[in-house]
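Only one structure is covered here, and it is reproduced in the block below.
All values derive from a computational prediction rather than experimental measurement. Below, all heavy atoms of this structure are taken into account, side chains as well, without hydrogens, waters or symmetry copies. Positions are given from 1, in the same order as the sequence printed here.
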Amino acid sequence: TKEELITLIHKLMDKIAELEARLNQNSSNSSKPPSSDGLAKPTAKSLRGKSGKKPGGQLGHKGHGLKVDREPDEVIEITPETCPDCGADLSKEPSFHADTRYIYDVQIEVKLTQYDIGETACPNCGACVKAQAPTEAKSTINYGNTLRSLVVVLTQYAVVGINKVHLILRDLTGLPISSGTIKNIMSQFAGKTDNIIEQIKQNLLISPTLHVDETGTRVSGRTWWVHVASNSKYTLVTVNKKRGIEGIETGGVVQNYTGTLIHDCWKPYFGFDKCEHALCCAHLLRELNALIEQGQNWASDMKKLLLEMKNIVDTYKSDDKTELSRYYRRKFKNLYDLALEKGRAEITLSSTRKKSKAENLLLRLEEYQTEITRFSEDFHVPFD
């Protein structure tokens with residue numbers, strides 16, 4: 001019938017719109033990481049809009065260039081030898097200092113230390129006594145602490161693969177340090193970090209705010225989950241097969257935390273009820289960007305409101321104030337409710353379990369209004 005055909009057309013149009021929105025997703029309008037953008041990188045744009053300031057250093061900003069803070073190891077004097085205009089010989093003419101230039105460089109050299117272990121006969125009892133070798137010289141051929149530290153920096157901090165580290169050290173130093181030795185150095189270093197990890201956990205537990213997130217990774221060909229808990233100074237990273245509560249609890253921090261937990265609204269985080277919750281507004285801005293690109297006006301209003309709230313809170317903080325005025329609290333509450341109302345009018349609400357991304361975001365903004373706007377009620381809580 002005609003009615004059935006019209007209904008089918010509407011369903012197909014909705015499906016096409018959903019697929020187009022999915023194709024248009026990138027790191028600027030969704031939670032997809034920048035690495036997933038491929039070669040078609042989106043035009044870089046700030047989630048927070050224009051500040052009104054010109055790019056670069058601002059008027060009155062004091063620049064900080066590279067400074068020479070040590071005596072040079074070598075000083076080379078350069079004097080003119082010939083006149084470029086007439087070709088006269090200047091090599092024997094007196095010269096005066098006109099300029100100074102510096103070159104920082106590094107020199108890579110291998111230091112080989114030989115320990116000759118002595119043995120002595122005791123004149124008292126006749127026993128043969130052999131001197132003890134240094135702890136870092138346990139076998140005939142050993143690698144020193146500086147080289148071992150470099151291995152850890154390259155593999156753990158720079159995240160260079162073990163085989164590449166083997167090749168880099170071989171080419172730079174001429175030392176054929178094997179991949180197996182590199183693995184052993186990593187394991188030995190890991191065994192010395194227990195006290196440091198415990199210190200990190202204790203400092204995270206007493207932090208007034210704690211940021212948590214999780215992302216997938218590959219471990220032995222399978223998908224595992226990297227869980228992070230951090231504040232401005234300390235970061236704890238753990239890996240687990242599970243993404244949910246079991247994986248989160250591996251770090252031993254979140255389940256005992258009593259401050260304000262900041263996250264992206266991943267449901268399992270709300271299972272921890274000893275703490276308050278705050279949602280990351282940067283995630284919300286990206287989702288709102290996607291809806292704005294689809295022409296949804298209510299999303300533009302909500303984004304504008306969140307950014308205005310952030311700017312006002314930042315201004316209050318810079319003035320050493322600890323809470324918003326009654327005027328702004330009332331204003332922001334009314335504008336938030338108005339944006340939600342506008343969203344309900346613009347979005348066709350689903351009568352089935354499957355909802356559009358726009359409807360899901362609208363419902364989230366409504367259900368978690370307290371957690372989303374907590375940064376404006378508690379100035380210890382950041383915007384994102």
Side-chain angles (χ1 to χ4, degrees), residues 21 24-32 42-53 209 211 213 260-267 269-270 276-350 355-384:
N24 291 330
Q25 281 188 346
N26 53 54
S27 58
S28 70
N29 58 21
S30 71
S31 293
K32 295 180 67 176
T43 302
K45 52 186 177 181
S46 172
L47 291 174
R48 298 176 180 176
K50 296 182 178 180
S51 65
K53 299 179 181 178
T209 57
H211 301 260
D213 202 0
T260 300
L261 199 66
I262 303 169
H263 52 85
D264 60 359
C265 206
W266 173 235
K267 281 285 186 182
Y269 290 127
F270 287 104
E276 300 285 355
H277 293 265
L279 298 189
C280 170
C281 289
H283 281 78
L284 295 173
L285 291 181
R286 287 197 289 266
E287 293 184 77
L288 290 169
N289 277 344
L291 300 184
I292 293 170
E293 291 170 4
Q294 298 172 24
Q296 299 200 26
N297 295 322
W298 75 272
S300 182
D301 290 348
M302 182 61 78
K303 177 182 177 180
K304 181 180 178 182
L305 170 60
L306 290 175
L307 292 177
E308 182 185 0
M309 292 172 69
K310 180 189 180 303
N311 290 334
I312 294 299
V313 169
D314 288 346
T315 300
Y316 269 61
K317 286 182 179 179
S318 65
D319 292 337
D320 293 327
K321 296 179 180 178
T322 57
E323 62 179 1
L324 291 179
S325 66
R326 186 180 303 173
Y327 164 78
Y328 276 118
R329 290 202 300 271
R330 187 185 303 115
K331 174 187 176 181
F332 292 151
K333 177 68 169 63
N334 292 337
L335 288 176
Y336 196 102
D337 292 341
L338 191 62
L340 293 178
E341 184 179 342
K342 192 172 181 179
R344 296 187 201 98
E346 285 188 42
I347 297 172
T348 302
L349 301 181
S350 172
K355 297 178 174 57
S356 66
K357 288 184 177 295
E359 185 177 357
N360 278 325
L361 178 57
L362 181 67
L363 293 174
R364 200 179 334 136
L365 288 165
E366 186 173 18
E367 181 179 358
Y368 297 108
Q369 180 175 350
T370 299
E371 289 77 14
I372 292 170
T373 61
R374 193 177 296 280
F375 74 93
S376 66
E377 298 294 332
D378 181 355
F379 284 6
H380 291 103
V381 177
F383 179 79
D384 55 23

Closest approach of Lys317 to Val381 (non-hydrogen atoms, all atoms of both residues) = NZ-O, 4.2 Å
Distance in Å, Leu363 CG paired with Arg344 CZ, rounded so as to fall on 0.5 Å steps | 9.0 Å
Of all heavy-atom pairs linking Cys280 and His283, the shortest is SG-ND1, 3.1 Å
Report the C-alpha separation of Leu288 and Leu306 in whole Å, then their side-chain angles, then the decisive distance to 0.1 Å, and conclude whether the side-chain contact (heavy atoms from CB on, under 4.5 Å) test is met.
-> CA-CA 11 Å; Leu288 290 169; Leu306 290 175; 4.0 Å; yes
Which of these passes side-chain hydrogen bond (donor to acceptor under 3.5 Å, both in side chains) with Lys342: Asn297, Asp337, Asp301?
-> Asp301
Check ring-ring contact (aromatic ring centres under 6.0 Å, His included) between Tyr368 and all other residues, then give those that pass, not counting sequence neighbours.
-> Phe270
Arg364 side chain reached by Leu284 side chain, heavy atoms, under 4.5 Å | yes
Going through the distances and angles, do Ser376 and Tyr328 end up as a side chain to side chain donor-acceptor pair (under 3.5 Å)?
-> CA-CA 10 Å; Ser376 66; Tyr328 276 118; over 6 Å; no
Residues Gln294, Leu291; criterion side-chain contact (heavy atoms from CB on, under 4.5 Å); working and verdict = CA-CA 5 Å; Gln294 298 172 24; Leu291 300 184; 4.1 Å; yes
Kindly indicate, with the supporting measurements, whether the criterion side-chain contact (heavy atoms from CB on, under 4.5 Å) is fulfilled by Glu308 and Phe332.
-> CA-CA 9 Å; Glu308 182 185 0; Phe332 292 151; 4.0 Å; yes
Got a donor-acceptor contact below 3.5 angstrom from the Tyr336 side chain to the Leu365 backbone?
-> yes
Scanning both residues in full, the closest heavy-atom pair of Lys321 with Phe379 reads O-CD2, 3.2 Å
Between atom CE of Met302 and atom CG of Leu307, what is the distance when rounded to the nearest 0.5 Å?
-> 12.0 Å
Flag the pair Trp266 / Asp213 as yes when at least one side-chain heavy-atom distance between them is below 4.5 Å, and no otherwise.
-> no
Side chains of Ile292 and Lys303: does their closest heavy-atom pair fall under 4.5 Å?
-> yes
Could I get the full list of salt bridge (Lys or Arg N to Asp or Glu O under 4.0 Å) partners for Glu276, not counting sequence neighbours?
-> Arg374
Going from CG on Asp384 to NZ on Lys310, what distance comes out if it is rounded to the nearest 0.5 angstrom?
-> 7.5 Å
The reported gap from NE2 in His211 to OG1 in Thr260 (rounded to nearest 0.5 angstrom) is 10.0 Å
What are the two closest heavy atoms between Trp298 and Ala339, and how far apart are they?
-> CB-O, 3.8 Å
Drop me the distance from Thr322's OG1 to His380's NE2, to the nearest 0.5 angstrom.
-> 9.0 Å
Looking only at heavy atoms, what is the nearest atom pair of Leu361 and Glu287, with distance?
-> CD2-CB, 3.9 Å
Output, in order, the C-alpha distance, side-chain angles, deciding distance and verdict of side-chain contact (heavy atoms from CB on, under 4.5 Å) for Leu279 and His263.
-> CA-CA 5 Å; Leu279 298 189; His263 52 85; 3.6 Å; yes
So do Phe383 and Val313 actually touch side chain to side chain, heavy atoms under 4.5 Å?
-> no
Heavy-atom closest contact (Gln296 atom, Ile347 atom, distance) = OE1-CG1, 3.8 Å
For residues Cys281 and Met309, determine if any side-chain heavy atom of one lies less than 4.5 Å from a side-chain heavy atom of the other.
-> no
